[in-house]
> 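What follows is a structure written as structure tokens; I'll ask about it next.
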Amino acid sequence: MDISKIRNIGIAAHIDSGKTTLSERILFYTGKIHQITEVRSKTGAGPTMDSMDLEREKGITIQSAATFCEWDGYNINLIDTPGHIDFTVEVERALRVLDGAVMVLCGVAGVQSQSITVDRQMRRYNVPRIAFINKVDRSGANPDRVIDQLQEKLHHKTVLLTMPIGIEDRFEGVVDLITMEAIYYKGANGEEVVRTAIPEHLVAEAQRRRQEMIEGLSDHDDSIAEKFLGDEAISVDELKNSIRKQTIALHITPVLVGTAKMNKGIQTLLDAVISFLPAPQEVHNNALDRDNNEEKVELLSDPTKPAVALAFKLEDGRYGQLTYMRLYQGSMKKGDTIINSANGKKMKIPRLVRMHASEMHEIDEVSCGEIFAMFGVDCASGDTFTDGSVNYTMTSMFIPNPVIELAVAPKEKAGQVNFSKAMNRFQKEDPTFKVYRDEDSGETIIKGMGELHLEIYIERIKREYNCEVVVGKPKVAYREALTKATTYDYTHKKQTGGSGQFGRVAGAIEPLALDSPDHYQFVNSIVGGAIPKEYIPACDKGFNEQLQEGFLINQPIVNAKVTLSDGAYHTVDSSEMAFKLAARQAIRESLSKAGVVILEPFMKLEVSAPEEFQGVIIGQINQRRGIIVNTSVDATYVVVEAEVPLKEMFGYSSDLRSSTQGKGEFTMEFLRYSQVPKSVQEDIIKEYNERQGK
């Protein structure tokens with residue numbers, strides 16, 4: 001396969017923008033499926049990319065699904081990602097391995113809270129993207145407003161490539177501003193693409209918009225700028241080359257319009273994916289060389305180089321663990337030996353497959369730039385595989401911390417084995433799903449990104465493992481923090497026959513800013529060898545371990561800076577253990593003077609409902625200790641943005657539905673940790689002490 005003819009793209013957006021519908025249309029037009037199924041179809045069949053029963057019932061995407069298709073002689077590897085914030089890690093890992101993305105925006109709602117999150121994730125991995133304004137046939141659609149929001153809210157430099165012919169229910173097709181032609185989509189499912197002259201009444205607008213497009217391109221392209229200023233004609237090829245270069249360099253975001261549901265604009269979007277999004281060799285990917293102090297090495301899309309692949313997603317299939325991988329460099333064949341650089345384990349490649357949603361297509365070989373899946377490989381999400389001739393590791397993905405927890409247990413003793421199997425599998429598949437045992441109560445606690453996230457896993461335990469589960473009340477994952485700086489000076493001494501233990505540590509502990517990227521900082525200010533170098537790491541470990549145990553409610557202390565400035569040792573009695581214990585005790589004593597407070601997760605909430613419910617929504621948010629940040633009315637719908645403590649949000653969805661006649665919708669994502677009010681802190685400590693039987 002010619003590597004320049006591969007495109008690895010993802011489709012990402014806010015929930016309900018039409019990503020899965022768009023994926024379904026792409027599969028239809030590229031000949032992968034022969035019939036279109038809607039997301040909420042009456043038959044219950046559900047779209048191709050939503051292969052889980054749960055996805056079809058709830059009408060949402062839970063797991064990112066991978067497929068491949070062909071368009072105009074190009075191979076497209078496509079990943080449809082979830083829009084719901086609780087499954088944000090699915091988007092994160094898809095973007096980690098993709099070369100480009102299509103960001104879908106609703107023509108009515110425009111840039112929503114989750115669009116902002118997705119955009120942030122794309123920036124984290126420098127993913128070039130095309131924006132597709134969907135649903136322009138819906139009442140209230142306004143592509144110009146969406147473009148303004150892309151510029152203002154997301155700071156994109158947008159370049160409009162197609163403009164609508166008609167709007168809302170009069171939407172007929174698009175004008176291609178590069179070739180200056182009208183494009184209509186005829187036939188039962190819009191499969192016939194017809195190019196004709198632009199309708200007369202739109203010629204002036206099309207010319208104006210084309211000028212704006214050229215003006216936008218001239219900012220980063222001198223040859224276009226010269227021709228633009230000299231009023232010279234610019235050819236279609238020159239424009240396309242400029243758009244491609246600038247999209248890949250992240251200077252611009254090309255914008256196209258259409259409606260996936262009504263089958264208009266999709267083929268034009270596919271043409272744009274091929275014309276403007278990068279092939280694998282046009283993207284810079286780095287690995288870290290473990291044999292050379294983790295120095296950065298650029299991976300080359302060259303099939304003759306040593307093979308380097310990243311496992312980015314795991315699934316438990318019918319035939320064992322299915323591992324999705326992206327091959328960055330080299331090639332791999334069935335039967336080759338590969339090494340997992342995380343643990344050094346060697347294995348033979350048993351089976352290679354290409355995925356089409358939940359169907360598999362066997363292949364014998366993969367080359368760099370391709371996305372594929374492998375069976376029978378034991379690994380975790382984020383592991384790097386090589387052919388053994390190099391010792392590289394790919395940089396890991398950003399994994400957000402869970403904010404909510406639940407106590408769960410199998411209803412019957414007999415279900416214990418299946419329950420444990422489910423827990424192990426889900427933890428391996430999803431890095432944001434954590435399981436631990438509460439030593440005090442003996443309960444199994446699951447942690448996740450939100451109520452829906454954990455609800456889906458509980459439902460999957462019942463369905464996939466035939467195990468009924470008893471669920472406790474949801475609990476918030478609190479943190480603790482310091483408010484005052486204080487000093488410590490502690491000597492650990494123990495003399496019980498034979499060699500004793502001795503270690504003295506002294507220094508200061510102080511709070512870091514709450515928004516500091518580091519939750520813990522250790523500063524070694526020892527001079528003159530007051531504590532020998534070899535004992536310093538033990539002190540660091542002791543400080544950190546004690547901070548993890550908290551002070552008020554046994555939750556980790558997050559914003560602490562510990563400076564070690566003095567100490568003493570004994571030539572015979574000092575040891576790593578003595579200094580570690582001294583450090584732990586020093587922290588324990590100093591915390592009582594450091595004004596420790598409890599922090600709680602605050603969420604970013606966005607609620608939308610018909611305008612008449614504005615007062616009710618604001619009232620409910622105020623009752624829940626929320627802070628209103630912004631309110632806007634758009635096409636008779638009100639959108640309220642607020643910041644609310646997660647503790648107060650349990651049961652909010654049913655309250656909102658009942659007070660807005662089922663018309664209210666909301667999305668919520670983690671924003672930051674904030675100090676809880678004094679009265680609430682007292683209640684939390686009291687509740688904790690009661691649970692501990694104190």
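Just so it is clear, the structure is predicted and the values come from calculations on it, not from any experiment. Just so it is clear, the values below take in all heavy atoms, side chains as well, and ignore hydrogens, waters and symmetry mates.
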> Does the side chain of Ser115 reach to within under 4.5 Å of the side chain of Leu105, using non-hydrogen atoms?
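Yes. Closest side-chain heavy atoms under 4.5 Å.
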
> Nearest 0.5 Å, please: how far is CZ in Phe276 from OG in Ser242?
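Interatomic distance, Ser242 OG to Phe276 CZ, rounded to 0.5 Å: 10.0 Å.
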
> Find out whether Thr162 and Ile183 are in side-chain contact, i.e. whether some heavy atom of one side chain is under 4.5 Å from a heavy atom of the other.
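SC-SC contact between Thr162 and Ile183 ruled out.
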
> Checking side-chain polar atoms at under 3.5 Å, does Glu370 have a donor or acceptor matched by the opposite partner on Ser367?
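Distance-only check fails for Glu370 and Ser367.
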
> Which of these passes side-chain contact (heavy atoms from CB on, under 4.5 Å) with Ile371: Val366, Leu98, Leu327?
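That would be Leu98; it is the only one of Val366, Leu98, Leu327 passing the side-chain contact (heavy atoms from CB on, under 4.5 Å) with Ile371.
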
> Hey, does the Lys NZ or Arg CZ of Arg326 hover above the aromatic six-ring of Tyr328, less than 6.0 Å from the centre and inside 45° of the axis?
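Geometry flag: set, cation within 6.0 Å and 45°.
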
> Tell me if a side-chain donor or acceptor on Arg354 pairs with a main-chain N or O of Phe68 at a distance below 3.5 Å.
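Side chain of Arg354 to backbone of Phe68, a donor-acceptor pair under 3.5 Å: no, none is there.
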
> Distance check, rounded to the nearest 0.5 Å: Asn340 atom CG versus Thr393 atom OG1?
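The CG atom of Asn340 sits 9.0 Å away from the OG1 atom of Thr393.
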
> Taking the side chain as every heavy atom from C-beta outward, state whether Asn391 and Thr386 have any atom pair closer than 4.5 Å.
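They are not in contact (no side-chain heavy atoms under 4.5 Å apart), so the answer is no.
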
> Can you check whether Gly415's main-chain N or O pairs, donor with acceptor, with Asn418's side chain at less than 3.5 Å?
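No, Asn418 side chain to Gly415 backbone: no donor-acceptor pair under 3.5 Å.
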
> Does Asn466, at its CG atom, have more than 12 non-hydrogen atoms belonging to other residues, nucleotides or ligands within less than 6.0 Å?
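No, because the 6.0 Å sphere around CG of Asn466 holds 12 heavy atoms or fewer from other groups.
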
> Just do the side-chain contact (heavy atoms from CB on, under 4.5 Å) check on Glu282 and Asp99 with the steps written out, would you?
CA-CA 9 Å; Glu282 292 171 290; Asp99 302 323; over 6 Å; no

> Return yes if some donor-acceptor pair links the side-chain N/O of Asp387 with the main-chain N/O of Ala307 below 3.5 Å, else return no.
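Flag set: sc Asp387 to bb Ala307 pair under 3.5 Å.
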
> What are the two closest heavy atoms between Ile6 and Asn8, and how far apart are they?
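That would be CG2-OD1, 3.9 Å.
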
> Taking all heavy atoms of Lys135 and all of Gly107, pick out the closest pair and write down the distance.
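Taking every non-hydrogen atom into account, CB-N, 4.2 Å.
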
> Please check: side-chain N/O of Gln246 versus main-chain N/O of Leu217, any donor-acceptor pairing under 3.5 Å?
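Checked: pair present.
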
> When the ring planes of Phe433 and Phe426 are compared, do they come out parallel, tilted or perpendicular, using 30° and 60° as the limits?
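Perpendicular.
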
> Taking NZ, NE, NH1 and NH2 as the nitrogens, is one of them in Asp119 or Lys153 under 4.0 Å from a carboxylate oxygen of the other?
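The answer is no: the pair does not qualify as a salt bridge.
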
> Are any of the side-chain heavy atoms of Asp289 and Val390 separated by less than 4.5 Å?
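When only atoms from C-beta onward are counted, Val390 and Asp289 do not touch, as no gap falls below 4.5 Å.
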
> In Å and rounded to the nearest 0.5 Å, what is the CD1 to CG distance from Ile266 to Leu256?
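One finds 10.0 Å between CD1 of Ile266 and CG of Leu256.
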
> Are the side chains of Phe385 and Cys379 in touch, meaning some heavy atoms are under 4.5 Å apart?
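Contact flag for Phe385/Cys379 side chains = yes.
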
> Which atom pair, heavy atoms only, marks the closest approach of Ile274 to Arg7?
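Closest pair (atom of Ile274, atom of Arg7, distance): O-NH2, 3.0 Å.
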
> Can you check whether Ala131's main-chain N or O pairs, donor with acceptor, with Thr253's side chain at less than 3.5 Å?
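Not at all, since once roles are kept as given, no pair shorter than 3.5 Å links the two residues.
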
> Output yes when a side-chain donor or acceptor of Asn343 lies under 3.5 Å from a complementary backbone atom of Lys345, and no otherwise.
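The answer is yes, because a donor-acceptor pair under 3.5 Å joins these two groups.
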
> Do Tyr29 and Asn263 have side chains that approach each other closer than 4.5 Å (heavy atoms only, starting at C-beta)?
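A side-chain contact under 4.5 Å exists here.
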
> With heavy-atom distances below 4.5 Å as the criterion, would you say the side chains of Val174 and Lys264 are in contact?
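No, side chains not in contact.
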
> For the side chain of Gln281 and the backbone of Leu300, is there at least one donor-acceptor N/O pair under 3.5 Å apart?
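Pair absent, no side-chain N/O of Gln281 close to backbone of Leu300.
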
> Any side-chain donor paired with an acceptor under 3.5 Å for Ser4 and Asp2?
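Asp2 and Ser4 do have a side-chain donor-acceptor pair below 3.5 Å.
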
> When you look at Leu270 and Ile76, which way does the side-chain contact (heavy atoms from CB on, under 4.5 Å) test go after all the steps?
CA-CA 9 Å; Leu270 280 168; Ile76 299 176; 3.9 Å; yes

> To the nearest 0.5 Å, how far apart are CE in Met374 and CZ in Arg351?
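Those atoms lie 12.5 Å apart.
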
> Between Tyr465 and Arg460, is there a side-chain heavy-atom distance shorter than 4.5 Å?
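No, side chains not in contact.
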
> Taking atom NZ of Lys157 as the centre, report whether more than 12 heavy atoms of other residues, nucleotides or ligands fall under 6.0 Å from it.
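Correct, the count exceeds 12.
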
> If we ignore hydrogens and angles and just use 3.5 Å, is the side chain of Asn292 paired with the main-chain N or O of Glu295 as donor and acceptor?
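Side chain of Asn292 to backbone of Glu295, a donor-acceptor pair under 3.5 Å: no, none is there.
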
